[in-house]
There are 2 protein chains.
Amino acid sequence: MVVNRVLEVTLVELGRVGLERLSVPEVAERAGVNKTSVYRRWPTKQHLVKAALQQSMEATTRPPETGALGSDLASLASSLAEFITSPTGLGIVRTVMADGDSAEAKALTATMWRGPARDLPRAALEQAISRGELKPDTDVELLLFTVAGAIMHRVFIERARVDDAWLKRLVKLLSEGAGKKPGRHHARSM
Amino acid sequence: MVVNRVLEVTLVELGRVGLERLSVPEVAERAGVNKTSVYRRWPTKQHLVKAALQQSMEATTRPPETGALGSDLASLASSLAEFITSPTGLGIVRTVMADGDSAEAKALTATMWRGPARDLPRAALEQAISRGELKPDTDVELLLFTVAGAIMHRVFIERARVDDAWLKRLVKLLSEGAGKKPGRHHARSM
DNA sequence: ACGCCTTTGCAACTCGAAGTTGCGAAGCGA
DNA sequence: TCGCTTCGCAACTTCGAGTTGCAAAGGCGT
């Protein structure tokens, strides 16, 4: 089918040139398809991008990816990093962040974070809590988002590689914290 | 002068509609200026945006803003949040992240993170270390970037408010860590 | 094989926004 | 007043997005 090839190319293009410079005719050409065929299914660039992102979310969150983690913080961060740096992830993040129109973007974001994509990492962290690796009162969602945010900053702002060494530092910071606790009287967690 | 008004409007527009939908003629109209006057100074949209971002960086990093912090983690996070959620910050982040062309974007990012914008928070954190509020071996840059990344995720992905309550949770996570070991033996996270 | 329906390719078209140009009118310092 | 620069204005060119009509496949049941 033409559909899959076009959507796949769309994702790659999103990650490559961003939403701004994404051209429907060019996507068609790279997919080896006439632009008319693309326009008939997806009237505008926005529709095409939306479809591409939605399919990729369904495709990548069903099986493993974000979910195939050993369920400690390190492997969770690793999985998240792998997802964000994938063509799909690059396209999604770039697109969602670039679009100031909150209506579309917010709906898309909501779609993204429903289902396995949200529940699996969450469950993994809660499992880590019950295994005693994390504090019982850990703010799971915040921790998850902070990892994602740090990776995003690394990729999009610093434009540096997300390698194991860096991930290790990130995990260390998030698990141990930066505050100087040892040897102080300190208002312990409630 | 016309210049200042145009660049200011450009920043606001960047934060409002993003780079994708930013229109030079519309910027001109909102600034109460003829589009020809804009085009004469800045040949293309890219030039205009670049100029607007550069000026705003110079304007916002000289005096207080990111630097006017009481120098502990909480006020640093607060300052960073204020900057990122400002029209300027929104415009910068959106633009830099949306542009897949690494040449332009990377140069811009490099420009942004040079000078006071980079040094002041860094100095603040190191000061906090010497005051004994943070661990001596704290990864200052990583901590700084993680705070920024978390805020970005909050603003652009979750699209939720960055208020004091949330900032407090973030600071708590980053200073105490999520790992279950109150300062006992050393770094052995994985 | 036949007809039927849908999908695709192709080329020519419309349309609107981006960016250009020439000229005339202000502004402003000497 | 002169001379230089900057701005407004309107008409223009250009280019890419999206459209349309038609013909050529392709799939599918009979």
Practice prompt. Check the surroundings of atom CD in A:Glu26: do more than 12 heavy atoms from other residues, nucleotides or ligands lie under 6.0 Å from it?
Written response: yes

Worksheet entry | Spacing of B:Lys35 atom NZ relative to C:dG16 atom P, expressed in whole Å | 15 Å

Worksheet item: Does the side chain of A:Ser23 get closer than 4.0 angstrom to OP1 or OP2 of D:dG16 through an N or O atom?
Response: no

Practice prompt. Return no unless some side-chain N or O of B:Thr36 is found under 4.0 Å from OP1 or OP2 of D:dA10.
Written response: no

Practice prompt. Would you give the length of the straight line joining atom CZ of A:Arg154 to atom CG of A:Asp163, rounded to the nearest 0.5 angstrom?
Written response: 6.5 Å

Worksheet item: Which listed nucleotide (C:dA18, C:dG19, C:dG9) is nearest to the side chain of B:Lys45?
Response: C:dG19

Worksheet item: Looking only at side-chain N and O atoms, does B:Arg40 come under 4.0 Å of OP1 or OP2 in C:dG19?
Response: no

Worksheet item: Does A:Ser37 place a side-chain N or O at less than 4.0 Å from the phosphate oxygens OP1/OP2 of C:dT7?
Response: no

Discussion item. If you compare every side-chain N and O of A:Arg41 against the phosphate oxygens of C:dT8 (OP1, OP2), does one of them come in below 4.0 Å?
Written reply: yes

Fill in: Enclosure of A:Glu8 CD (heavy-atom neighbours >12, cutoff 6.0 Å)
no

Discussion item. With a 3.5 Å distance limit and no angle check, can you tell me whether B:Arg30 reaches the backbone of B:Val27 through a side-chain donor-acceptor pair?
Written reply: no

Fill in: Atom-pair distance (OH on B:Tyr39; P on C:dG19), nearest Å
4 Å

